[in-house]
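Just so you know, these numbers use all the heavy atoms, side chains as well, and skip hydrogens, waters and symmetry mates. No experiment lies behind these values; they were computed from the predicted model shown.
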Amino acid sequence: MSINKKLDVAVIGAGFAGIGAGIKLKQEGIESFKIFERSNDVGGTWRDNNYPGCACDIPSNLYSYSFEPNPEWSRAFSPHNEIHDYLKHCVSKYNITAYIQFSTEIQKIFFDVPNGHWVITDTNEKIYLARTIISASGPLNQPLYPKIKGINSFKGESFHSLYWNHSYDLTGKKIAIIGTGASAIQFIPEVAKEAAKLTVFQRTAAWIEPKLDRENSEQTKKRFRRFPSYQKFWRELIYWFLEHRGRAQYAPNKIRTKRKADALKFIEESIPDLKLRKKLTPNYEIGCKRILLSSNYYPALNKKHVSLVTDAISEVTKKGIIDNTGKLHEVDAIIYGTGFYTTTYKHLYEVKGINNQSLFDKWNKEGGEAYYGMTVNGFPNFVLMVGPNTGLGHNSIVHMMESQLNYIMSYLKYLNKNPNSYLNVKESIQKEFNKKIQEQLKTMIWSDGGCDSYYLKDSNGKNTSIWPGSTMSYRKQTKRINKTDYDIVSIETTKKELI
C-alpha cells in the first residue's frame, strides 16, 4: 500500500465543474491540488455522450465559462464535439493539464478525524491524502435501464445512448427506441434518416418547444472576436430572457399560460394526424417535467416508416418487444434513451465522514440534502458541485457552477486562516435551510403539476434536484461563506496512523 503526499485540495472529476475548479484554484494561488479523472480525457458528459444529434439545449454563448467566452461556436446551440473541444481548450489555455491525473477512478474516501484529512482510495488500491475534497463527479453519468421482463434476452444489437455503438450500421434496419426524453428526441430524427422501420416507445409525452437553432455566420464570429463586449451582451440577453421565462415554474402565471399555448400550437402545426397528435399531447402541466427543445422531432414522427407506441412494454424477447396488447414488434436493434440516475447515488464512490457515517447510504434512504447543495454536516472539508437542489429547469448549470466556485474559494480562504482545523457546517443551519427550500418547492410546478417527475426522490414528493429560485438569487446567497454557519474544529494533537 502506497500513500501519496498530502494535497491541500483533491478534485474528483474533470468535466465542466472539475475543470472550472482547477482553473480557480490555480488563480487563487493554490498549487497543492490534483484533479482525479476516471477516463483518459477531460470533458465529462460532453466526452461520454456522443450519440448522433447530441447537442446542448442551452445557447452556446451562455453554456460556457463567463471568464472564457468562445467566439468560434458554429451554431447557436453547440454540438457535443465543440463543447468537448472548448473544455480541452480551457485546460490548455489555463495550463492545468499537469494537475489532472487521468485513468484514476475513485473507489472510496473517508475522513480521518484525528488527522483532520480525507483518505482517498482509487480502484487500484492507491491511497491519496487531502485536506479538502471538491466532488465534481456530476449527477448524470450512470445510465438508467428500465425494469422490463426479459431485457437481457434480446439477441439483436442493443445499447444505451451513453454507450452508442457507432460501428453498428443502422441503414435498412428495423430499430426500436425506448424512451422519449432529452437525449432521445435528439437522436430519434437521426436514426429515422437511416432505419427502414423505426418504432418509438413512449411512456409519457413531453412538452416540446421549437429549438431556435441557427448557424453562426463568419461575420458573427468576426464580431465576437473583435468585440468581446458584443458577445457578452448576447450572453446577458440570453441569460435574462431564460431567467424571466423560468418564472413559469414558480406559480401559475401569464408566462406559463403563454408557453403552454405556444407548445400546444407547435404540436397542432407539426402533427397533422389527430391520433398521433393526441399521443404527443401531455396530460400534465407544462414544466412539471423537463421542457424539451427540438424542431426536427415532430417531423421525424410524421414519416411513414416511423411509428409511436404508447402501449406499455410487457416483455423483451429474443426477437423484439412485446407491448401490453400482446403485439410483438420484431426488430434488429433496441436503443435505450432512458436517461440516467438522478436521485440515487449507488453508482458513485463511497463517502464516509465523522462516526463512519456513509453519505450516499443516507441520501439513498432519505434523499440528498446539503447546505446550498455544497456542504454536509458530518462531512467536514468536503464540498460538492451540482449537489442536491442545485439543478435547474430553466437556465445554464454553468452559471450555478460559477456561483459555487465563488463560495468554494471563500470557503478555502477561511479554512486556510485556520490551520490544524476543519470546517463542519452546523446541523441546525443545514436542517433549517433544507426545511425552507422544501417548503418552497411544494408550491412549485414539479410538485403540483400532475406528473411523476424524476426530480423527486422515488416520487414521494421530496424534490432533491431543483433550486427553488432564480440563479441570481443563488449567486447572491453564495457570494461568500457565512462564517457563523460553520463550526471550526481543532485537530487532535495525537495523530493516529492509517490502518
Side-chain angles (χ1 to χ4, degrees), residues 8-11 17 20-21 23-25 27-30 33 66-67 111 113 116-118 130-136 243 351 353-355 357 359 362-363 366-392 395 397-441 463-491:
D8 285 342
V9 183
V11 182
I23 292 170
K24 289 299 180 183
L25 286 167
Q27 289 176 340
E28 290 292 331
I30 299 172
F33 75 90
S66 62
F67 56 83
F111 190 67
V113 177
H117 60 223
W118 286 92
R131 188 181 186 198
T132 304
I133 287 181
I134 299 175
S135 177
E243 280 294 278
V351 181
I354 295 172
N355 297 325
Q357 58 182 319
L359 178 62
K362 182 179 175 68
W363 281 7
E366 302 173 8
E369 187 176 293
Y371 186 52
Y372 285 106
M374 289 186 277
T375 57
V376 185
N377 175 260
F379 298 85
N381 295 8
F382 178 77
V383 191
L384 296 123
M385 293 190 70
V386 198
N389 293 109
T390 60
L392 300 175
N395 213 321
I397 195 63
V398 181
H399 190 277
M400 295 291 277
M401 289 178 187
E402 290 198 34
S403 297
Q404 291 172 347
L405 288 173
N406 292 339
Y407 189 90
I408 292 169
M409 295 307 122
S410 174
Y411 180 102
L412 291 173
K413 283 179 184 177
Y414 183 51
L415 182 62
N416 289 337
K417 288 179 180 178
N418 294 278
N420 299 315
S421 64
Y422 54 81
L423 299 182
N424 191 16
V425 65
K426 295 175 181 176
E427 185 177 14
S428 59
I429 293 291
Q430 181 182 316
K431 281 187 174 180
E432 185 59 31
F433 170 81
N434 280 278
K435 179 183 176 183
K436 182 179 178 181
I437 63 171
Q438 288 302 321
E439 286 172 355
Q440 289 176 278
L441 284 161
N463 189 328
T464 60
S465 307
I466 295 290
W467 169 249
S470 68
T471 61
M472 186 51 66
S473 70
Y474 187 83
R475 174 149 297 186
K476 287 179 180 177
Q477 293 174 52
T478 57
K479 191 173 182 179
R480 63 180 63 88
I481 186 175
N482 183 349
K483 298 172 184 177
T484 60
D485 292 339
Y486 291 86
D487 288 322
I488 304 173
V489 183
S490 296
I491 298 169

Taking every non-hydrogen atom, the tightest pair across M374 and T478: CE-CG2, 3.9 Å
Are W363 and T464 side-chain neighbours, meaning at least one heavy-atom pair lies under 4.5 Å? no
From CD (E28) to CD1 (I408), nearest 0.5 Å: 11.5 Å
For the pair E427 and K431, find out whether any cationic side-chain nitrogen is under 4.0 Å from an anionic carboxylate oxygen. yes
Take T132 and D8 through the side-chain contact (heavy atoms from CB on, under 4.5 Å) test and state the conclusion after the steps. CA-CA 6 Å; T132 304; D8 285 342; over 6 Å; no
Report the relative orientation of the aromatic rings in W467 and Y372; use parallel for angles under 30°, tilted for 30 to 60°, perpendicular for over 60°. tilted
Any side-chain to backbone donor/acceptor pair from R131 onto S421? Under 3.5 Å, distance only. yes
Keeping N434 on the side-chain end and A370 on the backbone end, is there a donor-acceptor pair under 3.5 Å? yes
Assess the residue pair F33 and I134 against the criterion (side-chain contact (heavy atoms from CB on, under 4.5 Å)); give the C-alpha distance rounded to whole Å, side-chain angles, the decisive distance to 0.1 Å, and a yes or no. CA-CA 10 Å; F33 75 90; I134 299 175; over 6 Å; no
Can you confirm whether K426 is buried at NZ, in the sense that more than 12 heavy atoms of other residues, nucleotides or ligands lie under 6.0 Å from that atom? yes
Taking all non-hydrogen atoms of both residues, which atom of W118 and which atom of P380 are closest, and how far apart? NE1-O, 2.8 Å
Enter the distance from L412:CG to L423:CG here, rounded to the nearest 0.5 Å. 9.0 Å
N/O donor-acceptor pair under 3.5 Å between R475 side chain and H399 backbone: yes
Students often mix this up, so state it plainly: with edges at 30° and 60°, are the rings of Y407 and Y486 parallel, tilted or perpendicular? tilted
Could you give me the CA-CA distance, side-chain angles and deciding distance for V376 and Q430, then say whether side-chain contact (heavy atoms from CB on, under 4.5 Å) is met? CA-CA 7 Å; V376 185; Q430 181 182 316; 4.0 Å; yes
Find the distance between CG (L384) and CG (L359) and round it off to the nearest 0.5 Å. 7.0 Å
Heavy-atom nearest pair, F111 first then H117, reads CD1-O, 3.6 Å
How many angstroms lie between CE in M472 and NZ in K476, if you round to the nearest 0.5 Å? 7.0 Å
Any Lys/Arg nitrogen of K362 or E369 sitting under 4.0 Å from an Asp/Glu carboxylate oxygen of the other? no
Flag the pair F67 / E402 as yes when at least one side-chain heavy-atom distance between them is below 4.5 Å, and no otherwise. yes
Taking every non-hydrogen atom, the tightest pair across N381 and G116: ND2-O, 4.4 Å
To the closest 0.5 Å, what do you measure between CD1 (I397) and OG1 (T390)? 5.5 Å
Where E243 and N395 come nearest, the two heavy atoms and their spacing: OE2-ND2, 3.0 Å
State, yes or no, whether a side-chain contact exists between Q438 and N389 at a heavy-atom distance under 4.5 Å. yes
For A21 against L405, the heavy-atom pair lying closest together: CA-CD2, 3.5 Å
State whether the side chain of N424 and the backbone N or O of N377 hold a donor-acceptor pair below 3.5 Å, judged by distance alone. no
Within-4.5 Å side-chain heavy-atom neighbours: Y422 and V113: yes
Considering only heavy atoms from C-beta outward, does the side chain of K24 approach that of N406 to under 4.5 Å? no
For the CD1 atom of I481 and the NZ atom of K413, what is their distance to the nearest 0.5 Å? 12.0 Å
Kindly determine whether M400 and T471 satisfy side-chain contact (heavy atoms from CB on, under 4.5 Å), including the steps that lead there. CA-CA 7 Å; M400 295 291 277; T471 61; 4.0 Å; yes
